[in-house]
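Inspection log for the structure reproduced underneath, given as structure tokens.
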Amino acid sequence: MFQRPRGTRDFLPDEMERRRWIEARMRECARRWGYREVCTPAFEELELFTLRSGEAIIQEMYTFRDKGGREMVLRPEVTAPVLRMFVNEGRNIPKPIRWFYFADCFRYERPQKGRYRQFWQFGVELIGADSPRADAEVIALAEAMLRGCGIDFEMQVGHLAPVKHLLSGLPKEVAARVMQLLDKREFPALREYLEETGHPDLYDGLQGLTECRSLQELFEIIGHIEEGEWIQRVCSELDTYGVDYCLNFGIARGLDYYTGTVFEAFAQNLGAENQVLGGGTYRLAHLFGGEDLPSCGFAIGFDRVMVSLGEFRVPRKPAVAVIGMPEVEEYAAAVAKGMRGAGISVVRDTMERSVGSQLSHAAKIAEYAIIVGRKECETNTVTFKNLFSGEQRTLTLQEAIGEVAAHGDRA
RNA sequence: GCCAGGGUGGGGUAGUCUGGACAUCCUAGGGGACUGUGGAUCCCUCGACCCGGGUUCGAAUCCCGGCUCUGGCCCCA
């Protein structure tokens with residue numbers, strides 16, 4: 001027997017229906033906000049990802065050398081490919097550009113709850129807009145999309161300027177380490193580290209940033225900064241949208257490429273891997289040879305959304321089993337064809353089973369059975385049986401089609 | 001890369017501590033009783049000790065290594 005590769009999953013039909021159902025909701029939400037789908041290759045040149053993030057992350061990627069000797073990688077995320085595509089062929093598209101994607105990504109990491117080696121991201125990029133209103137639109141869309149899926153989550157919004165302001169006097173490595181500790185909320189270690197490096201005075205301000213829950217508190221800590229008005233405007237836009245969020249100026253991840261507003265969403269019922277969405281403003285295009293356009297985007301951890309939602313039933317169109325006696329094979333085929341032509345899901349026996357067995361099987365996989373034999377063939381009718389109630393009637397094909405359609409989706 | 005706990009037919013399990021004959025039970029799958037009316041019932045059938053090594057007369061059981069799953073750490077672009 002073959003085992004599935006580590007960190008990958010198989011999806012049976014019930015699970016796929018749930019996944020497609022949620023995916024469709026996200027798609028529909030993106031569409032309503034004016035975003036259109038794009039698709040990039042599943043693999044790219046390795047350098048596309050190391051350019052920004054350094055060589056160190058190679059160990060967490062699926063890299064390979066192709067037959068031409070090129071260093072390639074299965075995409076570990078989609079923002080860089082989308083921006084690469086933008087630089088390659090998006091120059092003459094009217095700005096701002098609103099794109100979304102739904103794609104599988106690959107990371108060579110240790111699997112655990114909500115973390116897989118092949119995982120799906122649903123993401124959105126707003127390219128070329130640089131305003132508080134652009135930031136707010138993307139956050140509001142993120143919120144709407146997650147709400148639309150029905151998960152229970154908390155949206156946190158922050159900005160990198162306050163913490164960068166506080167750390168402006170520190171050497172780069174020290175600042176990076178501080179950000180790391182701050183992001184993880186390891187306050188005792190942070191205090192210790194600041195004392196070691198001779199900046200104990202920064203502790204209260206940094207801790208304050210992670211705890212302050214209003215702009216007023218924020219400005220009391222950092223005083224006046226240039227980005228203050230921007231932050232204020234993003235918040236008031238979010239209030240206008242009616243977005244339910246809380247402030248967190250301790251969000252520090254991705255310092256190397258996020259430039260301003262940052263936001264994250266956390267699901268309530270997941271384990272250690274409870275972040276279901278992350279995003280912010282960034283500048284990437286210039287790295288790939290384009291102009292230095294600001295962009296804002298986010299990615300939803302689709303699999304984590306699915307874990308958070310648990311099991312649920314998706315409405316499904318009813319299925320019909322057409323059971324024909326051997327002597328009227330052609331008539332049965334015509335009935336099946338007619339129903340399929342009307343958009344109905346039809347199955348027929350492929351195992352040469354008896355009528356009794358066929359019905360027995362039909363009861364497990366279909367909602368209705370249609371039985372046709374000499375009798376029905378001669379009168380140009382069908383025997384239409386409701387497999388829930390057992391009730392059965394003689395109908396014309398058109399009447400049977402109408403019956404199935406009238407009962408609609410089943411829950 | 002680190003820690004903890006698991007791995008027995010497709011799914012769920014008993015047996016493992018205390019080694020012993022054909023490995024338990026439920027469920028799902030296939031067939032039949034039943035060649036124009038099913039889900040019940042009965043019968044038949046298919047099908048497993050994660051892999052490799054060691055100890056032993058004998059290993060699902062004990063020991064070692066590996067793989068893998070679950071949860072946590074690390075990381076999270």
Side-chain angles (χ1 to χ4, degrees), chain A residues 1-10 12 14 44 46 48-61 73-83 105-117 119 121 123 180 183-184 186 251-258 262 264 266 270-280 282 284 287 297-299 301 304 307 321 323-328 332 349-377 382-394:
Chain A
M1 281 247 295
F2 287 104
Q3 282 185 323
R4 181 170 11 105
R6 179 155 202 212
T8 63
R9 290 151 299 156
D10 296 317
L12 289 166
D14 282 346
E44 297 271 0
L46 177 59
L48 180 66
F49 301 100
T50 55
L51 200 60
R52 181 189 71 220
S53 313
E55 304 280 322
I57 56 167
I58 290 179
Q59 58 176 333
E60 278 150 28
M61 296 195 288
V73 60
L74 296 181
R75 62 180 165 216
E77 50 112 11
V78 192
T79 298
V82 165
L83 268 288
C105 303
F106 304 83
R107 294 185 193 174
Y108 196 88
E109 294 186 292
R110 179 94 188 210
Q112 55 184 271
K113 186 177 186 179
R115 184 206 269 181
Y116 308 96
R117 289 184 169 180
F119 59 98
Q121 287 194 336
Q180 205 178 28
D183 194 49
K184 283 187 286 181
E186 292 188 6
I251 299 177
R253 61 206 316 144
L255 172 68
D256 53 335
Y257 96 99
Y258 283 123
V262 286
E264 299 177 334
F266 299 89
L270 297 180
E273 303 289 321
N274 65 340
Q275 190 186 339
V276 293
L277 176 147
Y282 58 89
L284 263 183
L287 280 180
F298 66 80
R304 290 182 188 175
V307 173
I323 299 169
M325 304 304 149
E327 67 272 21
V328 293
D349 174 59
T350 49
M351 294 181 80
E352 317 269 325
R353 285 197 269 217
S354 67
V355 170
S357 293
Q358 287 192 50
L359 270 165
S360 178
H361 184 245
K364 293 168 194 159
I365 63 155
E367 284 68 39
Y368 303 97
I370 282 180
I371 302 156
V372 292
R374 192 172 300 282
K375 214 166 52 188
E376 288 84 357
C377 185
V382 300
T383 295
F384 182 79
K385 187 179 183 81
N386 181 324
L387 291 167
F388 296 118
S389 61
E391 174 209 6
Q392 91 181 32
R393 286 183 290 160
T394 300

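Just so it is clear: chains get the letters A, B, ... in the order the sequence lines come, proteins before strands, and each one is counted from 1. For the numbers below, each heavy atom of this structure counts, side chains included, while hydrogens, waters and symmetry mates do not. Given the structure is predicted, the values throughout are model-derived calculations rather than measurements.
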Under a 3.5 Å limit for both distances, which nucleotide forms a Watson-Crick or G-U wobble pair with [N], could you say?
N: B:C17; answer: none
N: B:C22; answer: none
N: B:A40; answer: none
N: B:C75; answer: none
N: B:A4; answer: B:U70

Picking from [options], which would you name as closest to the side chain of [X]?
X: A:Met325; options: B:A77, B:G36, B:U37; value: B:G36
X: A:Arg115; options: B:C75, B:G38, B:A77; value: B:C75
X: A:Glu77; options: B:C74, B:G32, B:A77; value: B:A77
X: A:Arg110; options: B:A77, B:C74, B:G71; value: B:G71
X: A:Glu109; options: B:G29, B:A77, B:C75; value: B:C75
X: A:His361; options: B:U68, B:G30, B:G38; value: B:G30
X: A:Ala363; options: B:G36, B:G39, B:U68; value: B:G39
X: A:Arg107; options: B:G39, B:A77, B:G31; value: B:A77
X: A:Glu60; options: B:C74, B:C75, B:G29; value: B:C75
X: A:Gln180; options: B:G31, B:U37, B:C75; value: B:C75

OP1 or OP2 of B:U68 under 4.0 Å from side-chain N/O of A:Arg6: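 A:Arg6 to B:U68 OP1/OP2: side-chain N or O found under 4.0 Å.
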
Report the distance from atom [atom1] of [X] to atom [atom2] of [N], rounded to the nearest whole Å.
X: A:Arg117; N: B:C67; atom1: CZ; atom2: C1'; value: 12 Å
X: A:Asp349; N: B:G36; atom1: CG; atom2: P; value: 14 Å
X: A:Ile370; N: B:G36; atom1: CD1; atom2: P; value: 19 Å
X: A:Met351; N: B:G38; atom1: CE; atom2: C1'; value: 16 Å
X: A:Glu352; N: B:G30; atom1: CD; atom2: C1'; value: 15 Å
X: A:Ile365; N: B:G39; atom1: CD1; atom2: P; value: 16 Å
X: A:Tyr108; N: B:C76; atom1: OH; atom2: P; value: 19 Å
X: A:Leu277; N: B:A77; atom1: CG; atom2: P; value: 12 Å

Base, sugar-phosphate, or nothing for [X], non-hydrogen atoms under 4.0 angstrom?
X: A:Gly278; value: nothing
X: A:Gly373; value: base
X: A:Ile323; value: nothing
X: A:Gly301; value: nothing
X: A:Lys364; value: sugar-phosphate
X: A:Thr79; value: nothing

Between [N] and [M], how far apart are the two [atom1] atoms, rounded to whole Å?
N: B:G15; M: B:U8; atom1: C1'; result: 9 Å
N: B:U27; M: B:C2; atom1: C1'; result: 39 Å
N: B:G66; M: B:C3; atom1: P; result: 11 Å
N: B:A60; M: B:C43; atom1: P; result: 30 Å

Mutual orientation of the aromatic rings belonging to A:Phe384 and A:Tyr368 [parallel < 30°, tilted 30-60°, perpendicular > 60°]: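 Parallel, since the angle between the ring planes stays under 30°.
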
Residue mapping more 5' on RNA chain B - nearest nucleotide basis, A:Arg4 or A:Met61: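 The answer here is A:Arg4.
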
Residue met sooner reading RNA chain B from 5', once A:Ser357 and A:Gln392 are mapped to nucleotides: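 Upstream on the strand: A:Ser357.
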
What pair of heavy atoms forms the shortest contact from [X] to [Y], and how long is it?
X: A:Cys105; Y: A:Val78; answer: SG-CG2, 3.6 Å
X: A:Arg117; Y: A:Glu109; answer: NE-O, 2.8 Å
X: A:Met61; Y: A:Pro76; answer: SD-CG, 3.6 Å

Audit row: A:Met351, A:Gln358, side chain to side chain contact (heavy atoms under 4.5 Å, CB included) steps and yes/no: CA-CA 9 Å; A:Met351 294 181 80; A:Gln358 287 192 50; over 6 Å; no

Check: [N] base within 3.5 Å donor-acceptor of [X] side chain:
X: A:Lys113; N: B:U70; answer: no
X: A:Gln112; N: B:U70; answer: no
X: A:Arg353; N: B:C34; answer: no
X: A:Glu376; N: B:G36; answer: yes

Stepwise side chain to side chain contact (heavy atoms under 4.5 Å, CB included) check, A:Thr50 with A:Val73: CA-CA 10 Å; A:Thr50 55; A:Val73 60; over 6 Å; no

Side-chain touch A:Arg110/A:Glu60, heavy atoms, less than 4.5 angstrom: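 No; the side chains remain at least 4.5 Å from each other.
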
Any donor-acceptor pair under 3.5 Å from A:Arg304 side chain to A:Val276 backbone: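 No, A:Arg304 side chain to A:Val276 backbone: no donor-acceptor pair under 3.5 Å.
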
